[in-house]
Every structure is written in structure tokens, then in C-alpha cells.
Q: 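Quick one: structure below, then a few questions.
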Amino acid sequence: MGDALERLRAELDGLEPHGFDALVEEDLVFLTDAIHEAKRRHAAQLAGSIEESLGHLPRLLRGPVRAIMGIPAGGGNR
Amino acid sequence: MSSLDARAERLKFARLLQVDEERLAFLEELNHEDVHAVRERVTEQLFDQGKGQFDNLVKASRLVPNAISARIAQRVFPPLLCAQLAGLIEPSHAAGLVSHFRIEFLCDVAAHTDPREIVHLVEHMPVDLLVAAARELTARGDYLTAGRFVGVAPSRVLPDLVHAVPDPADLLPIAFFLEAKYRLDEIVEVMPDDRLSGAMVVAAEQELWPEALSLMTHVGEDNTRRVAALASEQSEEVLASLVRVTHREQLWDDVWPLVAYMPDDRLTRVADVPALHEPAVLTGALESAGRINEYDTAVRVLAAMGPAAQQAVSDALPDPDPAHLKGLAEAARRVGVRDRLGVIADRLPA
């Protein structure tokens, strides 16, 4: 229980989740995992959007545009 | 604590995390403000990802006229990326840019936009565009995003937005998802009586009472009085539906304060709805009245019942919690209705 709450606190960057200690461990774990997965998915979708945008450019221009935009090769902020 | 607020919080969190809303049912056991604080933090974390990554693109967008930037953006950038950029560029500039989007694309972008940024965009968007966005989002059934627009729209624009959504089956879910509940009073204010009444009929037909009650129970005293009077004038079918759904969804904590404002001369219509006299319904209603200190309203309802209904209530309370009987007896004395409780009075301590 303590570990599950600590994991949630860490996932929230230290925000104290007031009242959440009333939840059972299974629910705390589910919520923490769902938050983690939502962040991962959002970052992946954003990176995918950037790649999709670059895909509209002629191949030769993609490298320079990537450099101008400060996007590392192979995606955005994963 | 309002169970409606807890439910809205759970549904919004489920949408944010893209998980089945039933799987987060456990959140309704918690204080909805605590859940809100955690959801806000997750929103920040999600939308702050990648900030700083697009500085050059943001700078470039300032060099190009809005109409051209918008045309390029619609051709090249997926909505999620546009939404990310819209949250990074200066609000008046972002509003100018999105104003050139096709309405369908604008709504795609809006659905992905950081909810904290929508207020800045809406401030600078022309009324016609806001109305068009509200219509399009409603047509899509994207009530959550529509609610974000409506919730932060300037007061001068609100009547246009409310009129842009004529069907209560659309307006009620939008109101339910509104973050800024204090805006609901303004929304009810611009709804004429026939529209409010129509919303109750639709709530009964489509079992949208949680959404309707969310709209009707977050308003100021004047509008609560108006809503309560209109509710008490509804047909028996509508009132029976209200009682049924209130019982099933355990919404008595939200309904009692509304009943409290119903005028005495119209309370009989509500009090005589047969669904209210069923044992399980009565028990739930009285437990709620005790919990939220609405015994005074409860005895007014019991006193407004006809003799047959009072007999049904008396029969339906075979073994009531003594605490209820004591609470009702004290309230009956306080309100001065003990002599109008009929056979129910015989069940109360002296």
C-alpha cells in the first residue's frame, strides 16, 4: 500500500495525492499505470505527428528542417 | 459532497487517461476536489511535454501572415501538433491563426488543445467562429471539448453559444462536463422557462437526469427557485423518472436541496409520485436527508402527501432507523407540520 502510494506520488512529480490513501492497492496501481501510459502515449503521438509533418516535405529538405526545428533524427520528444 | 461532481470528475479523468470510465469507479469514493487536483497535475504533465521543442517553429510562425500559416498548417501538421503549437504561441496570434482554419480542422485541433490554453484562445476568437465551433463539436458529440469552450466564453458570448445548441440532449452533457461550474448559473439565466422545462422532459426521456441535475443544482438562489418551480410543474411521468433515476444513481444528496425550494402548494404533485413510496426509494431518500440535514424538506414532502400516499409511506417503513424517526419528529415540530403527517405521525416519537 505504502509502495503503491509512493509510486503514484512519484508519477505526479511529488504532488501529494490527498485522500488517495483510502484506495486499495489494486486501484492505486491501476491509476498509476494508467497515468504513466497516458504520458507515454501522448509523447509518442506527438513524436508521430512531427514525423508525419516532415513526411510532407521533399526527402532532401527533411534533414535541414529537422535541424532548424531542433528535432532529433527519428522522432520528437519520446 | 455532490455525487454529481464526483461522477463528472471521474468521467473527465477517464477521458484524459483514455481508460474505461467504469474502471475508475473507485475515484467516486474520494473527495472530488482531491481527484481534481490530481487530474490537473496529470493535465499539466501531459501538455507540458515537448514544450521548448518547437521554439524555432513558433518564431517562424510570427514571420508568416496568419492566412498562409493556417493554410500550411492544415496541409502539413496533424491536429495534435497544431494544438501543441497553439498552446505555445501568443494567444491573440494563435486565435488569429486558428480563425483561418476550416471549422472541422479547428475542432480537431481544439480536441487536442491544452485545456488551460483554451481560455486564452476563446478570449480572442470572433463570436461567429465560437458559435460554429460549438455547433460542430456538438454534432460530433464531443461534449467535453464543447464544454471547455462554453466554460471559458466571455459572458457577452454565452447567450449565442447556448442558442447554438438548441437540443437539450446536447446542452445537458456539455453543462455536465463544464469545469467552471459557476458558469452554469449564467447558462440557466439565458435559458427561458420553456427551454428549461424542455430540458427536464428530455432528461426523463433519455435518462439524462445526472446531466440535468448538474446544470440545475449549481445555480444561484434565484435560479434554483425558478428551476425548482418548473420541476414541480412537470408531468407525473417526468417526475417518476426523476425519482427512479435519483434512486438508482444515488443522487438524493443533489436532489433534496432542489426540492427544498419547491413551493408548498406544488409539492403535492411531487409527493404523490408512486415511485417515491417504494420502501427502497424511501429508505435511500431518508438516509440522504439525514446525511445532508434536509429533514425539514423531507417532512414538508411527507406532509404534502395525500392520505393514501402517507399510508403507503407508513407501510413502507417497517423497521426504520430510529435516528430517522427522531430527526423527522424534530423537523416536523420545527416546520410545524406534524398535524399534517397523517398516519406517519403515529410512527414518530412524541
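In what follows, chains carry the letters A, B, and so on, assigned in the order in which the sequence lines appear, proteins first and then strands, with residues in each chain numbered from 1. Just so we're clear, the structure is a prediction, and the values are computed from it rather than from any experiment.
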Q: Is B:Leu17 close to A:His36 at the side-chain level, that is, under 4.5 Å between some pair of heavy atoms?
A: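 No, their side chains stay 4.5 Å or more apart.
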Q: Taking the side chain from B:Gln18 and the backbone from A:Glu37, do they hold a donor-acceptor pair closer than 3.5 Å?
A: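 No: the side chain of B:Gln18 does not pair with the backbone of A:Glu37.
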Q: Nearest 0.5 angstrom please: A:Ile35 CD1 to B:Gln45 CD, how far?
A: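 Rounded to the nearest 0.5 Å, the CD1-CD separation comes out at 7.5 Å.
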Q: Does any heavy atom of chain A fall under 4.5 Å from the side chain of B:Val38, the backbone, both, or neither of them?
A: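 For B:Val38, the contact with chain A is made by backbone and side chain together.
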Q: Distance from B:Gln49 atom CD to A:Leu46 atom CG, nearest 0.5 Å?
A: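 The distance works out to 7.5 Å.
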Q: Go through A:Glu16, A:His18, A:Gln45, A:Lys39 and name the one with the most non-hydrogen pairs under 4.5 angstrom from chain B.
A: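 Most heavy-atom pairs under 4.5 Å with chain B: A:Lys39.
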Q: With rounding to the nearest 0.5 angstrom, report the CD to CG distance, B:Glu29 to A:Asp27.
A: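 These two atoms lie 7.0 Å from each other.
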Q: Provide the closest heavy-atom pair for B:Val19 versus A:Ala34 in the form atom of the first, atom of the second, distance.
A: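 What the structure gives for the nearest pair is CG1-CB, 4.0 Å.
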Q: On a heavy-atom basis, which atom in B:Leu27 and which in A:Phe20 lie closest, and how many Å separate them?
A: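 Where B:Leu27 meets A:Phe20 most closely, the heavy atoms are CD2-CE2, 3.9 Å.
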Q: So how far is it from A:Leu31 CG to B:Phe26 CZ, rounded to the nearest 0.5 Å?
A: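 The distance works out to 5.0 Å.
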Q: Minimum heavy-atom separation for B:Leu46 to A:His42, with atom names?
A: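 Closest pair (atom of B:Leu46, atom of A:His42, distance): O-CD2, 3.2 Å.
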Q: With a 4.5 Å heavy-atom cut-off, do A:Glu11 and B:Val42 have their side chains touching?
A: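 Counting from C-beta outward, A:Glu11 and B:Val42 never come under 4.5 Å.
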Q: Are there more than 12 heavy atoms of other residues, nucleotides or ligands under 6.0 Å from atom CZ of B:Arg71?
A: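 Atom CZ in B:Arg71 is not crowded, with 12 or fewer foreign heavy atoms closer than 6.0 Å.
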Q: What's the separation between atom CG in A:Leu12 and atom CZ in B:Arg41, rounded to the nearest 0.5 Å?
A: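 Rounded to the nearest 0.5 Å, the CG-CZ separation comes out at 7.0 Å.
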